[in-house]
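Naming: A, B, ... by sequence-line order, numbering from 1 per chain. Predicted model only: the values in this text are computed from it and were never measured. All values below were derived from every heavy atom in this structure, side-chain atoms included, with hydrogens, water molecules and symmetry-related copies excluded.
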There are 2 protein chains.
Amino acid sequence: MAVSDDHKLQEAIDTLRDSGVRITPQRHAVLEYLLNSMIHPTADDIYKALEGKFPNMSVATVYNNLRVLRQIGLVRELTYGDSSSRFDYKSSEHYHIICEECGKIVDFHYPTLDEVESLAEQVTGFDVSHHRMEIYGKCDECQQVETQKH
Amino acid sequence: MAVSDDHKLQEAIDTLRDSGVRITPQRHAVLEYLLNSMIHPTADDIYKALEGKFPNMSVATVYNNLRVLRQIGLVRELTYGDSSSRFDYKSSEHYHIICEECGKIVDFHYPTLDEVESLAEQVTGFDVSHHRMEIYGKCDECQQVETQKH
DNA sequence: CTCTTATATTATAATTCTTATAATTAAAGT
DNA sequence: ACTTTAATTATAAGAATTATAATATAAGAG
């Protein structure tokens with residue numbers, strides 16, 4: 001693990017401790033996995049990835065911990081129509097672009113759309129907390145596969 | 001029903017017919033309900049709303065029809081973490097702002113974020129098809145309830 | 001270091017949303 | 001009115017997530 005990642009993990013653990021949340025080995029592992037994961041895993045992904053290390057861990061534990069991490073603000077939950085939610089460590093603000101063919105999720109850095117939020121506040125009278133935006137399309141690989149077929 | 005809504009319904013039915021989709025009473029009712037609904041209903045909302053008119057209708061019929069309407073492009077599916085999907089008749093392009101307290105969804109008109117899409121294409125190499133954006137916050141009513149408590 | 005207590009985990013069952021299956025019914029063109 | 005093909009119904013199955021109750025354990029107090 002890179003030093004910076006190690007530092008991020010320590011930072012996250014401090015955040016947990018400050019919130020009065022206990023640092024259990026399972027919770028630590030879920031957090032660490034999310035931090036190092038580039039694939040925006042589902043709860044089941046995490047469960048499967050950790051079952052070697054924690055053979056007796058329950059799926060409920062994964063869900064419980066993801067809920068705690070989300071409530072603390074360390075983790076973001078991404079939901080889609082068909083399948084299960086995906087979870088994303090909130091390292092820095094970014095948006096996602098998602099391949100409709102293979103489901104791959106790629107980070108896409110773009111300035112935060114603050115203007116949309118403030119306009120929405122004015123027009124609707126809501127007290128805005130945040131927004132989500134996702135872009136959908138076909139990734140490079142899937143485009144090439146498509147081309148080869150013809 | 002307003003004349004314009006009636007016209008929209010006729011237009012939608014024509015679209016169905018052109019796609020070779022049969023106009024059954026149940027399908028007609030689901031479509032009409034969505035067109036007149038301002039609440040972005042769930043499949044179950046629609047099922048409950050129509051069970052007076054169609055006592056023998058199956059939930060599967062609602063889901064089947066929603067899928068068909070979505071595939072044709074008449075209806076948009078909105079998914080969230082916890083609960084069930086919501087469905088929205090695609091009358092005109094708009095975004096949604098969602099109350100995190102009571103779940104209310106309000107339409108929010110804003111110019112389409114084409115720029116984000118084209119930049120995403122350049123940066124990621126994706127062939128972009130569309131995007132979604134939602135704004136979250138607390139609606140006016142829920143803010144007032146909050147104020148009264150203190 | 002040990003004790004205590006509240007919290008977390010486990011195993012399991014229950015729930016909820018959605019889809020699959022097979023038999024029956026009905027839309028729409030001929 | 002007939003025929004064909006798609007839609008509906010009733011039911012069951014499936015998958016994702018949450019609830020429950022018993023057990024285990026993190027972390028602070030003494």
Mutual orientation of the aromatic rings belonging to B:His109 and B:His94 [parallel < 30°, tilted 30-60°, perpendicular > 60°]: tilted
Tell me: NZ of A:Lys48 to C1' of D:dA16, nearest whole Å? 12 Å
Test of understanding: with ring-ring contact (aromatic ring centres under 6.0 Å, His included), list the residues that count as partners of B:Tyr110, not counting sequence neighbours. B:Phe108
Rounded distance (Å) that lies between atom C1' of C:dT10 and atom CG of A:Leu50: 15 Å
Below 4.0 angstrom, which residues in residues 18-28 of chain B have at least one non-hydrogen atom near DNA chain D? B:Arg22, B:Thr24, B:Gln26, B:Arg27
By ring-ring contact (aromatic ring centres under 6.0 Å, His included) - contacts of B:Tyr33 (at least two apart): none
Send over the distance from A:Asn64 CG to D:dA21 P, rounded to a whole Å. 16 Å
Among B:His28, B:Gln26, B:Arg27, side-chain hydrogen bond (donor to acceptor under 3.5 Å, both in side chains) partner for B:Asn65: B:Arg27
For residues 40-67 of chain B, which residue pairs pass the salt bridge (charged side-chain N to carboxylate O under 4.0 Å, His left out) check, not counting sequence neighbours? B:Asp44-B:Lys48
Mind listing the residues from residues 56-63 of chain A sitting with a heavy atom below 4.0 Å of DNA chain D? Number order is fine. A:Ala60, A:Tyr63
Is the backbone N or O of B:Lys138 less than 3.5 Å from a side-chain atom of B:Gln143, with the two atoms forming a donor-acceptor pair by type? yes
Does any N or O in the side chain of A:Thr61 come within less than 3.5 Å of the main-chain N or O of A:Met57, such that one atom is a donor and the other an acceptor? no
Tell me: OH of A:Tyr47 to P of C:dT12, nearest whole Å? 11 Å
In whole angstrom, give the distance that lies between atom CG of A:Leu16 and atom P of D:dA26. 15 Å
Which pairs pass ring pair (Phe, Tyr, Trp, His ring centres under 6.0 Å) with one or both residues in residues 47-71 of chain A, sequence neighbours excluded? none
A:Leu66 CG to C:dT9 P: how many Å, rounded? 11 Å
Between CD of B:Glu77 and P of C:dC17 the distance, given in whole Å, is 14 Å
Measure the distance from CZ on B:Phe54 to C1' on C:dA26 and round it to the nearest whole Å. 13 Å
If only side-chain N and O atoms of A:Asn65 are considered, is one of them under 4.0 Å from the OP1 or OP2 phosphate oxygen of C:dT9? yes
Taking the six-membered ring for Trp, is the centroid-to-centroid distance between A:Tyr95 and A:His131 below 6.0 Å? yes
